[in-house]
Amino acid sequence: MKQTVPDFDRGRLAELHAVEEDRFVELHPGSAELAADAREHLLAGVPMPWMTRWPGAFPLFVAEANGARITDVDGNEYVDFCLGDTGAMTGHALPQVADAIARQAERGITTMLPTTDAAWVADELARRFRLPSWQMAMTATDANRFVLRFARHLTGRPKVCVMDWCYHGTVDETLAILDSAGQVVARPGSLGAQVDPALTTRVVPFNDLDALDTALANGDVAAVLMEPALTNIGIVLPEPGYLEGVRELTRRHGTLLVIDETHTICAGPGGCTAAWDLEPDFFVIGKPIAGGVPAAAYGMTADIAATLQDPLNGHEADVSGIGGTLTASALALAATRATLSNALLDDDYAVMVPLATRWTDGVAGVIDDAGLAWTVQRLGCRAEYWFCPPPRNGAEAAAAVDEELDAFMHLWAMNRGILLTPFHNMALLSPFHTESAVDRHTEVFAAAVAALLN
Ligand SMILES: Cc1ncc(COP(=O)(O)O)c(C=O)c1O
């Protein structure tokens with residue numbers, strides 16, 4: 001029978017991991033020194049908590065990131081399959097974006113007035129994502145928060161519905177899961193919830209239309225907020241007919257459908273919405289659209305836009321709960337224009353997707369040869385391996401997380417010049433990756449499996 005990693009091998013895993021921990025410390029004296037300094041005045045030694053999630057005793061300190069490569073302060077070079085957790089999916093330091101930023105910085109970074117890039121950006125978003133009316137945000141979190149406010153305003157309904165084990169940023173209503181009794185509870189790890197999420201949120205398993213029907217039947221749900229494929233608890237693809245069913249049910253129950261394509265932009269230049277002909281009421285995109293500069297956007301249908309004109313033009317628009325002082329800054333708009341003009345285009349996906357396929361083929365070959373019950377999954381240029389058969393929903397995916405094995409695989413790879421996204425085992429391929437970089441990952445992965453099963 002195929003196996004995940006048998007229990008009797010846990011001792012071996014711990015031994016191998018300890019060797020890799022020592023190796024990491026030896027390879028990174030400069031990062032060790034900087035980490036010691038950083039611990040003095042930075043909470044948890046890092047400027048943002050997710051940076052503690054990398055393997056190794058301390059974070060790598062980056063000297064330079066370019067294309068698909070990162071060089072650390074000790075001169076170690078890495079093939080970067082994390083790409084800033086999608087923030088740099090275009091590849092690091094795109095020259096056209098760097099130029100646009102430099103030019104704009106000399107002409108003013110933020111003025112709270114639109115620049116000549118504003119309408120171009122909105123036109124391009126409308127072309128790519130097939131919705132006619134757009135607003136900017138600083139982050140996808142902000143965009144989701146604004147859209148949920150709009151949805152409650154438009155429908156007069158109090159609740160939102162999300163998928164079990166989803167992630168849409170630090171949006172209070174979405175940090176909720178189902179417990180084993182099917183009740184809505186705060187997601188493990190979520191700190192200081194504003195209110196009990198059971199009051200604000202219904203949670204349903206992905207790929208379960210009956211559960212969604214029940215969740216919407218009360219008529220109190222303003223919006224379903226979802227990714228078209230889950231990407232944040234591993235890649236969980238929609239089953240045939242599922243997304244059509246979601247659209248039909250949301251329409252039938254008068255609930256707005258918000259599709260968040262912040263990660264699923266990996267599927268193509270127009271995300272899954274264009275690739276799969278989805279018809280959201282609101283569309284959210286963040287992370288890579290400005291080549292790594294903070295910027296996000298949300299689009300809406302013409303009907304919704306017509307209804308929202310008044311409140312947004314009103315005397316109190318500045319306290320509407322929508323917007324933000326640095327949002328749609330001249331810098332963000334210039335970076336977004338440069339990114340959308342030069343990256344995330346058909347020609348880029350024509351390179352990225354075959355590279356991601358090569359990555360998954362390589363990993364699948366190793367898994368097969370080793371007779372393991374592991375899976376590899378792909379959506380466009382995003383790929384990921386799992387230590388279990390393909391999960392159907394977020395709870396199945398969450399139940400299969402193996403933190404010890406994750407930690408080992410990531411550290412093993414990092415010590416051999418490969419960076420994976422530190423949350424689960426995810427890889428993103430940019431146009432700057434090469435076949436030999438992908439093959440190097442396959443080699444390193446194969447060596448880790450061989451060491452584990454030895
Ligand atoms: C689908 C999705 N939406 C929104 C967000 C939030 O993005 P940000 O942290 O840039 O606000 C994330 C972050 O991972 C995400 O994966």
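All of these numbers come straight from a predicted model, not from anything done at the bench. Both ligands and their constituent atoms are indexed starting at 1 by order of listing.
- Looking only at heavy atoms of the protein, atom 12 (C) of ligand 1 is closest to K287 CE, 3.7 Å.
- Remark: aromatic rings of F423 and Y167 are distant, center separation not under 6.0 Å.
- L420 has its side chain out of reach of M426: every pair of non-hydrogen atoms, C-beta onward, lies at least 4.5 Å apart.
- For ligand 1, the atoms closer than 4.0 angstrom to any heavy atom of E227 are 1 (C).
- Remark: distances from the non-hydrogen atoms of W50 to ligand 1 include one below 4.0 Å.
- Proximity of a side-chain donor or acceptor of Y349 to a complementary backbone N or O of G268 within less than 3.5 Å is detected.
- H410 places a side-chain N or O within donor-acceptor distance of the main-chain N or O of H424, the cut-off being under 3.5 Å.
- Of the N and O atoms on the side chains of D303 and T301, not one donor lies less than 3.5 Å from an acceptor on the other residue.
- For ligand 1, the polar-atom distance check finds an N/O of N232 within less than 3.5 Å of one of the ligand's N/O atoms.
- At least one N or O atom of T141 sits closer than 3.5 Å to an N or O atom of ligand 1.
- At a 3.5 angstrom cut-off on N or O pairs, D260 counts as close to ligand 1.
- For the residue pair R358 and T442, no side-chain donor N or O sits within less than 3.5 Å of a side-chain acceptor on the partner.
- No side-chain heavy atom of F282 sits less than 4.5 Å from a side-chain heavy atom of L257.
- Those atoms of ligand 1 that come under 4.0 Å of a heavy atom in G169, given as number and element, are 4 (C), 5 (C), 6 (C).
- Using a 4.0 Å cut-off to heavy atoms of H263, the atoms of ligand 1 that qualify are 14 (O), 16 (O).
- A 4.5 Å side-chain heavy-atom check between M136 and V121 finds at least one atom pair inside the cut-off.
- The shortest N/O to N/O separation between D142 and ligand 1 does not fall below 3.5 Å.
- Interface of T139 with ligand 1, defined as ligand atoms under 4.0 Å from a residue heavy atom, comprises 11 (O).
- Here the heavy atom of the protein found nearest to atom 7 (O) of ligand 1 is A140 CB, 3.5 Å.
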